[in-house]
J.: 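One structure, pasted below without further comment.
Note: hydrogens, waters and symmetry copies are ignored here, and every other heavy atom, side chains too, is used. Each chain gets a letter, A, B and so on, in the order the sequences are listed, and its residues count up from 1.
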Amino acid sequence: MASSLTNEIKQTLIALVRDKFSVDLDDVVSEIPPKTELGDLAFPLAFDLAKRIKAATGEKKNPREIANKLADGLKTVPGVARVEIAGPGYLNVFFSRADIFTQLASASQNVATGTQPSGKLIVEHTSINPNKAAHIGHVRNSVLGDTTARILKATGENVEIHNYIDNTGVQVADVVVGFMHLENKSLAEIKAIAERPVAKREDNFDYYCWDLYSRVGQWYEEDKTRLQIRAQTLHEIEEGNNATAEIGEYISSRIVDCHLETMARLDISYDLLARESEILHLHFWAHAFEKLKASGAIVFETEGRNKGCWVMRAEEGRTEGETEGQSDAESEHDADKIIVRSNGTVTYTGKDIAYHLWKLGKLGLDFHYRLLRHDHHGREVWITTGDESSANNQHPPFGNGTAFLNVIDVGQSYPQANVKKGVMAIDHDERVARSAHLAYEKVTLTPAAAIELGTELSEADQQRQQIGMSGRKGLGVKADDLIDRLETKALAEVQSRNADLSEAQQQKIARQIAVAALRYFLLKFTRTSIIAFDFEEALKFRGETGPYLQYSVRRLSNIFTELGRSADDVRAEFAQLSAEEVATQFSGEAGDVLWSLVYFASRLDDVVQLSANAFEPTHVAKYAFQLADQFNTFYQDKRFHILKESDAKRKTVLLVAVDVVRQKLAQALALLGIEVPEKM
RNA sequence: GCUCCCGUAGCUCAGUUGGAUAGAGCAUUAGCCUUCUAAGCUAAGGGUCGCAGGUUCGAAUCCUGCCGGGGGCGCCA
């Protein structure tokens, strides 16, 4: 609708410029004017043209004069009502409001899909070490990943969601050490803890492990020689087929269950859980190693500090004439990444390259799969398995993506860059280049939040703006605790406003509000912004929050509830109106206000596209808030008291406008993973 | 030392590929519920966009150099 009109205007402008000024432009910059009175689309290109003409011919032209020569040609574009020259030479285009509005009123209710999928995009997020309860930092990862995936799907992308499970890593080993050496517990005793009835949140197995993990860290601190126990435990877990590995397998599986439950509360789910144990036992690395060697991506060092290692070179060569003087082995290969150690073992980066080659279908090996569960929507969630006998061959096709997207905190930028480099050395498909590390900043704690969690802070720490969370220290805001608090608070609000509802209904609404509050809180920041977590901020339901957005949609819908007619019914009536009758409603001062609202609502598709291109869900979140804000202002404007409107035709137009806004806002919220409660 | 991110109102943050008078929430102050539900709205105050140069018709945005805060740079994962 509006965006296709924009494109048409741009093409017309390019043709006009070529025709009148003999200048070839690839694209023209457009912008939305700051005020409705200035038009719907503005082109500052006359300034640039004046410069180009002067450079080419020496002739000095006034930008306003140039804009004038282009204005007439634009008026012929269907959908353009008029064109004005403003300020020093802006070309301001005014749309035919009635035309655009009528198109909006009859358009499909889905987000417009632009590009055809060019293959499958594999989005990996969550990937929490399965050894303790998830905290707010993990939730930021999951919400970012889940929302980004929703937005990408809305643009027509084929997306597969993975959650990587590092079930054979150090962190799992630590909890195994805790159970075996601190608590001297057998597998049966561990099972008894994990499967005991849960009376309160603290009884959860992931909470138990949260504390145990922190105690293990302390235990190592007391006697560093105990780290040998960790090394031995890790070795046994990696090797498999022994009692230690069995305990590790059991613990990590139960914790994964806990994480899935936590994420389900936030309406987050996965297609596949890929486990490190399979990457190990199915010898993914051995295959990747051969491919890396064959491609020349890694080389064997016969001298220097990395002698005996297989490394990936940092750069192909250095710039001519630079640093010749100091070219000893020390500085030359400083940044080279070791993939295979001199003792023959592979590094984490190497394993990760193997995994990513699998994601793109370039490894020549596959996992075995089994159905793990059905998620809260009844969709299948699969998990990898190394045990062929327990595998199910009727699984959906996994992997074989054309690109991958990894939601991992910014601290992993260096290894992630190496993984992509290694993969691209083997898979030259240009679509792979789209693969990206979706780096996001951490969630830290304000000193106030840390104190509320019962931490004792040193004087120096109290002066700091933020305190890092630490799983090892057991310092952090557990996801389920926070969601519980949000739900409790929301339930109190719901009870005071909707006492007539059943308890079950009240609880459902409270849950939806809690999810909205948390998801929006995490999405209102850009990915690169550190969130200093503050309880007061996170627990807010007013102002720029998720519940505010939900409330806005509720208001929009209630207009139709009170009206007692369906939106379709009103739209059918709208179709009977003449273009003039519609146009009348968009004239004058009040018409400008109505038009601004409708025009802003029409921009959802553009915002979604922008958000998808930048992998930045914040854009959709901010847009939703702005749209809600604009609607609420409109809602309380005395000139638009819709249900009391006596002019039937005006009332119809206003109702359709309300329905358009409602749809767009509801769509935006769905992309953010926010549901709209039946009542608020 | 090399490198990435951040620095915008008292606080927390937005600000598309450079564009018109730099925005929002919170907090403060003054108002609005016989009204389509106040989880809302209106108004006011609050800014050397870290500092200094540069590029440009035009810079919060691009370039250079500083200052301040955080992260990364391992034969750990």
J.: Is any side-chain nitrogen or oxygen of A/Arg542 closer than 4.0 Å to OP1 or OP2 of B/G40?
T.: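 For B/G40, OP1/OP2 do have a side-chain N/O of A/Arg542 under 4.0 Å.
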J.: For B/C76, take OP1 and OP2 only and decide whether either is under 4.0 Å from a side-chain N or O of A/Arg341.
T.: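 Checking A/Arg341 against B/C76: at least one side-chain N or O falls below 4.0 Å of OP1 or OP2.
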J.: Classify the nucleic acid contact of A/Pro63 as base, sugar-phosphate or nothing, counting any heavy atom under 4.0 Å across all strands shown.
T.: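 Touches nothing.
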J.: Rounding to the closest angstrom, what is the interatomic distance between B/G46 and B/G23 at atom C1'?
T.: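 These two C1' atoms come out 14 Å apart once rounded.
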J.: Less than 4.0 Å between a side-chain N and a carboxylate O, is that true for A/Asp659 and A/Arg662?
T.: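 Salt bridge between A/Arg662 and A/Asp659, a charged N being under 4.0 Å from a carboxylate O: yes.
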J.: Select one nucleotide: of B/C13, B/A77, B/C36, the one nearest the side-chain heavy atoms of A/Asp166.
T.: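 Looking only at side-chain atoms, A/Asp166 lies closest to B/A77.
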J.: Rounded to whole angstrom, note down the C1' distance from B/A9 over to B/C26.
T.: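 About 12 Å, rounded to a whole number of Å.
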J.: Could you check whether A/Ser30 gets within reach of a base, just the sugar-phosphate, or nothing at all, counting any heavy atom under 4.0 Å?
T.: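 If one applies the 4.0 Å heavy-atom cut-off, A/Ser30 turns out to touch a base.
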J.: Could one point to a donor on the side chain of A/Asn632 or the base of B/A38 with an acceptor on the other under 3.5 Å away?
T.: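 Result: no qualifying N/O pair found.
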J.: Looking only at atom C1', what distance separates B/C51 and B/C67, rounded to whole Å?
T.: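 Rounded to whole Å, the distance is 7 Å.
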J.: Out of A/Tyr348, A/Tyr164, A/Trp285, which one pairs with A/Tyr355 under the ring-ring contact (aromatic ring centres under 6.0 Å, His included) rule?
T.: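 For A/Tyr355, the ring-ring contact (aromatic ring centres under 6.0 Å, His included) test succeeds with only one of A/Tyr348, A/Tyr164, A/Trp285, which is A/Tyr164.
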J.: Base, sugar-phosphate or nothing for A/Ala50? Non-hydrogen atoms, less than 4.0 Å.
T.: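 Since no nucleic acid heavy atom lies under 4.0 Å of A/Ala50, the category is nothing.
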J.: So what does A/Phe625 hit on the nucleic acid, given a heavy-atom distance under 4.0 Å: a base, only sugar-phosphate, or nothing?
T.: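 If one applies the 4.0 Å heavy-atom cut-off, A/Phe625 turns out to touch the sugar-phosphate alone, with no base involved.
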J.: With a non-hydrogen cut-off below 4.0 angstrom, is A/Thr528 in contact with a base, only sugar-phosphate, or nothing?
T.: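 Sugar-phosphate: the residue A/Thr528, judged by heavy atoms under 4.0 Å, touches backbone atoms but no base.
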J.: Taking only the side-chain heavy atoms of A/Asn306 (C-beta and beyond), determine which of B/C36, B/C75, B/A77 contains the nearest atom.
T.: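 Nearest nucleotide to the side chain: B/C75.
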J.: Contact class for A/Lys638 vs. all strands (heavy atom < 4.0 Å): base, sugar-phosphate, or nothing?
T.: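 Result for A/Lys638 = nothing.
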J.: Report the glycosidic orientation of B/C33: syn if within 90° of 0, anti in every other case.
T.: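 For B/C33, whose glycosidic angle is within 90° of 0, the conformation is syn.
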J.: Contact class for A/Gly411 vs. all strands (heavy atom < 4.0 Å): base, sugar-phosphate, or nothing?
T.: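 Here A/Gly411 touches the backbone only, sparing every base.
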J.: Would one find a side-chain N or O of A/Tyr548 under 4.0 angstrom from OP1 or OP2 of B/C41?
T.: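 Answer is yes, contact under 4.0 Å.
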J.: What interatomic distance, in whole Å, is found between C1' of B/U28 and the corresponding atom of B/G65?
T.: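 The same atom, C1', in both gives a distance of 40 Å.
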J.: Indicate, with a heavy-atom threshold strictly under 4.0 Å, whether A/Asp629 touches base, sugar-phosphate, or nothing.
T.: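 If one applies the 4.0 Å heavy-atom cut-off, A/Asp629 turns out to touch the sugar-phosphate alone, with no base involved.
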J.: Which part of the nucleic acid, if any, lies within reach of A/Lys307 when heavy atoms closer than 4.0 Å are counted: base, sugar-phosphate only, or nothing?
T.: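 Base, at least one base heavy atom under 4.0 Å.
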J.: Can A/Lys679 and A/Asp500 be counted as an ion pair, charged N to O under 4.0 angstrom?
T.: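 Yes, charged N to carboxylate O under 4.0 Å.
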J.: For atom C1', what is the distance between B/G15 and B/U8, given to the nearest Å?
T.: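 The same atom, C1', in both gives a distance of 9 Å.
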J.: Would you call the rings of A/Tyr90 and A/Phe47 parallel, tilted or perpendicular if under 30° counts as parallel and over 60° as perpendicular?
T.: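 Because their plane-to-plane angle is over 60°, the rings of A/Tyr90 and A/Phe47 count as perpendicular.
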J.: For A/Gln412, report the nucleic acid contact type (base, sugar-phosphate, nothing); a contact means any heavy atom under 4.0 Å.
T.: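 If one applies the 4.0 Å heavy-atom cut-off, A/Gln412 turns out to touch a base.
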J.: Can you tell which of B/A39, B/C36, B/G72 lies closest to the side chain of A/Glu493?
T.: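 The answer is B/A39.
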J.: Can you tell me if the side-chain N/O atoms of A/Thr561 get under 4.0 Å from OP1 or OP2 in B/C36?
T.: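 No, outside the criterion.
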J.: Using a strict 4.0 Å threshold on nitrogen-to-oxygen distance, state whether A/Lys622 and A/Glu544 make a salt bridge.
T.: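 A/Glu544 and A/Lys622: salt-bridged.
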J.: Mark yes or no: A/Arg485 above the aromatic ring of A/Phe535, with NZ or CZ under 6.0 Å from the six-membered ring centre and no more than 45 degrees from the axis.
T.: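 Yes, a cation-pi geometry.
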J.: Mind checking if A/Leu563 touches a base, just sugar-phosphate, or nothing, with heavy atoms under 4.0 Å?
T.: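 The residue A/Leu563 makes no contact with any strand.
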J.: Among B/C75, B/C13, B/A39, which nucleotide has an atom closest to any side-chain atom of A/Ser342?
T.: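 Nucleotide nearest to A/Ser342's side chain: B/C75.
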J.: Does this structure show an ion pair linking A/Arg52 with A/Asp48, if we count only N-O contacts that are shorter than 4.0 Å?
T.: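 Yes.
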J.: State the pairing partner of B/G45; accept Watson-Crick or G-U wobble contacts with both distances under 3.5 Å, and report none otherwise.
T.: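 Per the H-bond distance test, none.
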J.: Check this one for me: any side-chain N or O of A/Tyr348 less than 4.0 Å away from OP1 or OP2 of B/A77?
T.: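 Checking B/A77 against A/Tyr348, no side-chain N or O comes under 4.0 Å of OP1 or OP2.
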J.: Heavy-atom nearest nucleotide on RNA chain B for A/Asp637 versus A/Val346: which residue maps closer to 5'?
T.: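 Nearest-nucleotide comparison on RNA chain B picks A/Asp637.
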J.: How far apart are the closest heavy atoms of A/Phe525 and A/Thr618, and which atoms are they?
T.: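 Minimum heavy-atom separation between A/Phe525 and A/Thr618: O-OG1, 2.7 Å.
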J.: Describe the nucleic acid contact of A/Thr349 in one word from base, sugar-phosphate, nothing, applying a heavy-atom distance below 4.0 Å.
T.: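 Since no nucleic acid heavy atom lies under 4.0 Å of A/Thr349, the category is nothing.
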J.: Quickly work out the A/Phe47 CZ to B/U17 P distance and round it to whole Å.
T.: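 After rounding, the reported distance stands at 20 Å.
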J.: Would you please confirm or rule out a distance under 4.0 Å between OP1 or OP2 of B/A14 and any side-chain N or O of A/Thr526?
T.: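 So the side-chain polar atoms of A/Thr526 do come within 4.0 Å of the phosphate oxygens OP1 or OP2 of B/A14, strictly under.
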J.: Looking at the base of B/A39, is there any donor atom on it, or on the side chain of A/Arg554, that sits under 3.5 Å from an acceptor on the other one?
T.: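 Counting by modelled atom types and ignoring angles, no donor-acceptor contact under 3.5 Å is found here.
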J.: Is there a side-chain polar atom (N or O) of A/Ser529 under 4.0 Å from OP1 or OP2 of B/A14?
T.: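 It does, given that an N or O in the side chain of A/Ser529 lies less than 4.0 Å from OP1 or OP2 of B/A14.
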J.: Considering heavy-atom distances to RNA chain B, does A/His641 or A/Tyr90 have its closest nucleotide positioned more toward the 5' end?
T.: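 The residue mapped nearer the 5' terminus is A/Tyr90.
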